[in-house]
Amino acid sequence: MTKILVTGGAGYIGSHTIIDLIDVGYEVVSVDNFINSNAQTYERIHQVSNSEFQTYDIDLCVHEDLERAFAENDFAAVIHFAALKSVGDSVNDPLQYYQNNLVGLINLLQLQKKYKVKNLIFSSSCSVYGNAEELPVTEHTPLKEAESPYARTKQICEEIIFDFLKTDPDFRAIVLRYFNPAGAHSSNLIGESPHNIANNLVPIITETAIGKRNKLAVFGSDYPTRDGTCIRDFIHIMDLAAAHTKSVDFLLKEKPSDQGIVINLGSGTGSTVLEVIHSFEKVSGQKLNYEMADRRPGDVIAVYADYRKAKKLLGWTPARNLDEIMHSAWQWELKRSH
Ligand code: UD1
C-alpha cells in the first residue's frame with residue numbers, strides 16, 4: 001500500500017483528510033504533538049474508517065524526533081498540516097508563529113530530502129492574498145502585504161518550498177490555499193475541537209447558540225459589501241479533505257511536469273457574516289444572540305475563490321453548500337457538548 005505521512009493528523013483538517021485517504025486505499029502515518037488537538041480524535045478516526053494506522057507523538061520542530069518517523073517508514077508523499085493558525089495569537093506572539101511554522105517545514109523538507117520522499121502537499125491559506133485586488137481570487141491574483149504574522153508565515157513557507165524545488169528536479173509540491181474551512185464529518189464523530197479558545201466564526205456561532213458564550217459580536221457592519229459585513233468563502237471540511245486525496249493522486253499518478261503547483265480551495269461563493277448567521281438560524285431552528293460591533297483589526301473586506309484550477313487539474317468540485325456546512329457544524333456542537 002502507498003504510505004502517506006500526515007503531519008497534524010489529529011487536527012481539524014488532518015483528521016478529516018486521514019479518513020478520506022484511508023477510504024480510497026492509502027496507508028496513513030500521522031505525526032501530531034496535540035498542541036491544539038486531542039489524541040481521542042485518533043480513536044474517532046479508527047471508528048469511522050474501521051482501520052488502524054500508525055501515529056507518532058512528535059513535535060516537528062524537534063528534528064531527531066521527526067527523523068524517527070522517516071527512518072521507520074517508506075513514504076510516497078507528505079501532507080503537511082501541522083501549524084499554528086490563529087491570526088490574533090500570531091499578532092500577540094509572532095516569534096512563536098515563525099518558530100513553529102517555519103522550523104517545522106524546514107525540518108520536514110530536510111528529512112524529505114535525506115529520505116528521498118519527493119512529493120509534498122502543503123496547507124496554505126487565502127490569507128496570503130492579503131486585501132486581494134480582484135474577486136474572485138485566482139492563483140494569479142498578486143499577493144499583497146500579509147495582514148498578520150500568521151499570514152506571513154504562510155507566504156514565507158510557500159517561498160521556502162519554491163526555493164527548495166529548484167534544488168531537486170524530481171521534487172514536486174502542491175500548495176493548497178484554503179479559504180474558510182468549516183463544518184464537520186457526516187459521521188458526526190469528528191469535527192472542529194480546538195484546545196485553544198475558538199476564534200473562527202462558525203465554531204463561535206455554534207458555541208454561542210449552545211450557551212458556551214453569551215453573545216456573538218459581528219466585527220464590522222460598515223464595510224462596502226451588500227449588508228455591511230465582511231464576505232468570506234466557506235468550504236465544507238469534507239470537500240476540503242477530498243481535495244487532499246485528489247492532490248496526492250495527482251502527484252503520484254500524473255507526475256506533473258510543473259514542480260510547484262498552487263491551487264485555491266474554496267466554494268467559489270462569497271457569504272457575508274450575516275448570511276452565515278441566517279443560514280445557521282435556518283438549519284438549526286435557533287435564534288442566535290448577536291450584536292454589531294467594531295471592525296476587527298487585520299480583517300480583509302471580502303475574499304472568495306475561483307476554484308477552476310482545482311477542477312481542471314484535480315477533477316475536484318465542492319459538493320456541499322453553506323446550509324450543509326452550518327447543519328453539520330451544529331450537529332457536531334450538540335454532540336461534543338453533551
Ligand atoms: C483567517 C484567514 C484564513 C485562515 C484563518 C485561520 C483571511 C482572509 N483568512 O480567516 O486564511 O485560515 O484566518 O484562522 O485572512 N467574525 C465575526 N465575529 C467573530 C468571529 C469572526 O464577525 O466572533 C467575522 C470576521 O470578522 C470575519 C469572518 O467572521 O469577517 C470570518 O472570520 P474567521 O472565522 O476568524 O476567519 P478569517 O479571519 O476569514
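All values derive from a computational prediction rather than experimental measurement. As the structure lists them, so they are numbered: ligands from 1, and atoms in each ligand from 1. Any value given below was found using the heavy atoms of this structure, including those in side chains, with hydrogens, waters and symmetry copies removed.
- More than 12 non-hydrogen atoms from other residues, nucleotides or ligands lie less than 6.0 angstrom from NZ of Lys212.
- Residue Asp222 qualifies as enclosed at atom CG: its count of foreign heavy atoms under 6.0 Å is above 12.
- Put simply, the residue from Asp249, Ile18, Val6, Asp20 that forms a side-chain contact (heavy atoms from CB on, under 4.5 Å) with Tyr26 is Asp249.
- Going from atom OG of Ser124 over to atom CD1 of Ile174 covers 13.5 Å, rounded to the nearest 0.5 Å.
- Geometrically, Arg295 engages Tyr223 in a cation-pi contact, judged by NZ or CZ lying under 6.0 Å from the ring centre and within 45° of the ring axis.
- Ordered by chain and residue number, the residues placing a heavy atom less than 4.0 Å from ligand 1 are Lys85, Val87, Ser125, Cys126, Ser127, Tyr150, Asn180, Asn199, Asn200, Leu201, Ile204, Leu216, Ala217, Val218, Phe219, Cys230, Arg232, Val273, Arg296, Asp299, Val300, Val303.
- Ring-centre distance between Phe81 and His244: below the 6.0 Å cut-off.
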